[in-house]
J.: 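Before we start, here is the structure in question, set down as structure tokens.
Along the sequence shown, residues carry numbers from 1.
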Amino acid sequence: MVALSFMDHIYMMNLLLFEYVIVMIIQFVLFSHSSAVLGTLEISRIFLHVLVVLMIYSCCVKSILERDVFQEINDKKDGIIEAYDADMEDFLSNISHELRTPVNVVNGVADLLIKQNVGYEASIIKNAGIRLSYQIEDIQDYTECKRDKVVLEEDVYITTSLINDVVARFRLIEENKKVELIVDLAPDVPAKMTGDIRKLHKIFRHLLENAVKFTKSGGIYLKVYTEKTDYGVNLCIEMTDTGIGMDQKTVRAISALEGMYQAETGRDRSAGGVGLGLFIVYGFTHKMGGF
């Protein structure tokens with residue numbers, strides 16, 4: 001009875017108790033047709049035996065009921081957590097769509113002011129609007145990664161054009177740090193490749209912005225090469241910088257990838273960011289088969 005109670009089926013306990021009662025009745029019937037006489041000691045032993053079996057039955061049923069209640073509570077908690085995550089993802093998706101329109105208006109007005117030579121302030125507004133639009137795109141991509149609904153497009157893109165966009169982006173965000181950018185493009189990289197160019201730009205942008213953000217002096221080394229596969233080649237990207245680097249604890253945390261991660265979380269941290277970059281890059285490279 002104790003062993004079968006771990007199956008968490010009360011009807012098994014009832015069957016065993018019913019079987020015990022039937023066996024006891026048969027034993028009494030057989031004993032009544034014999035010439036033996038029950039003494040006080042035998043009666044007390046039988047009573048104690050029945051009492052022990054009933055206690056074991058009661059404890060087993062109680063333990064099964066408690067485990068059922070505990071499992072039900074856990075299921076409710078899991079349901080609440082899943083519902084909360086789904087609501088939060090819906091909220092992020094909706095708010096990102098709602099923010100896109102006013103940000104586009106700000107960027108458009110900033111472009112008009114720049115064309116009218118209003119002043120340097122218009123360029124500052126434009127750069128801030130572009131930065132905010134990138135953050136909104138990151139939120140949308142984050143919800144796609146969390147829902148496992150990342151859709152990859154297959155477009156033909158020119159490799160050198162992709163590298164030129166990276167260099168132009170570096171010149172825009174370098175901010176007079178006198179940081180040197182070295183691009184090492186392997187000669188065997190095809191001139192044209194097929195992939196999701198928008199997400200490739202996003203991955204390049206996150207890697208480059210982090211490299212510039214944490215590199216005060218020195219340079220950034222960007223290596224682009226290909227890796228042969230059965231269906232052709234994969235584009236591989238390696239970016240190395242002379243910045244502050246990461247200790248072993250941070251490397252292990254990034255390898256575990258427990259959601260979004262930031263090495264510095266204090267209010268007086270030296271660099272900004274919401275911690276989405278690593279999550280987005282990992283989500284996209286995982287979908288693309290990895291770099």
J.: Kindly give the heavy-atom pair with the smallest separation between Val233 and Thr229, and that separation in Å.
T.: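 In this case the closest contact between Val233 and Thr229 is N-OG1, 3.8 Å.
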J.: Do Glu209 and Arg205 come within less than 4.5 Å of each other through their side chains, counting heavy atoms only?
T.: yes
J.: I'd like to check Glu19 versus Leu15 (side-chain heavy atoms, cut-off strictly below 4.5 Å). Are they in contact?
T.: no
J.: Ignoring hydrogens, what is the shortest heavy-atom contact between Thr159 and Lys192? Give both atom names and the distance.
T.: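 The answer is OG1-N, 4.4 Å.
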J.: State, yes or no, whether a side-chain contact exists between Met13 and Leu4 at a heavy-atom distance under 4.5 Å.
T.: yes
J.: Please check if the number of heavy atoms outside His49 that lie under 6.0 Å from its NE2 is greater than 12.
T.: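 12 or below, so no.
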J.: What's in the same ILVMFWY side-chain cluster as Val106, cut-off under 4.5 Å, chained through other members?
T.: Ile125
J.: At what distance, to the nearest 0.5 angstrom, does CD1 of Ile46 lie from CZ of Phe28?
T.: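 Result: 4.5 Å between the selected atoms.
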J.: Mind checking whether Asp241 and Phe214 have side chains closer than 4.5 Å, heavy atoms only?
T.: no
J.: What residues, two or more places apart in sequence or in another chain, satisfy salt bridge (charged side-chain N to carboxylate O under 4.0 Å, His left out) together with Arg67?
T.: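 Expected list: Asp8.
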J.: With Tyr57 as reference, evaluate Leu16, Val2, Leu17 under the side chain to side chain contact (heavy atoms under 4.5 Å, CB included) test and give the passing residue.
T.: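 Looking at Leu16, Val2, Leu17, the match for Tyr57 under the side chain to side chain contact (heavy atoms under 4.5 Å, CB included) is Leu17.
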J.: Say you draw a straight line from CG of Leu65 to SG of Cys60; how long is it, rounded to the nearest 0.5 Å?
T.: 11.0 Å
J.: With a 4.5 Å cut-off on side-chain heavy atoms, are Ile220 and Glu180 touching?
T.: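 A side-chain contact under 4.5 Å is absent here.
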J.: Is a side-chain N or O of Ser58 found less than 3.5 angstrom from the main chain of Met55, in a donor-acceptor match?
T.: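 Judged by distance alone, no pair lies under 3.5 Å.
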J.: When you measure from the centre of the six-membered ring of Tyr221, is the NZ or CZ of Lys223 closer than 6.0 Å and no more than 45° off the axis?
T.: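 No.
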J.: Is the closest side-chain heavy-atom distance between Ile197 and Val156 below 4.5 Å?
T.: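 Heavy-atom side-chain distance check fails, nothing below 4.5 Å.
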J.: Measure the shortest side-chain to side-chain distance between Tyr225 and Asp184 over non-hydrogen atoms and say whether it is less than 4.5 angstrom.
T.: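 Side chain of Tyr225 against side chain of Asp184, heavy atoms only: no contact under 4.5 Å found.
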J.: Between Ile64 and Ser5, which heavy-atom pair has the shortest distance, and what is it?
T.: CG1-O, 3.5 Å
J.: As an exercise, state the distance from CG of Asp155 to CZ of Arg198, rounded to the nearest 0.5 Å.
T.: 10.5 Å
J.: What I'd like to find out is whether the side chain of Leu99 reaches to under 4.5 Å of the side chain of Leu132, using heavy atoms alone.
T.: no
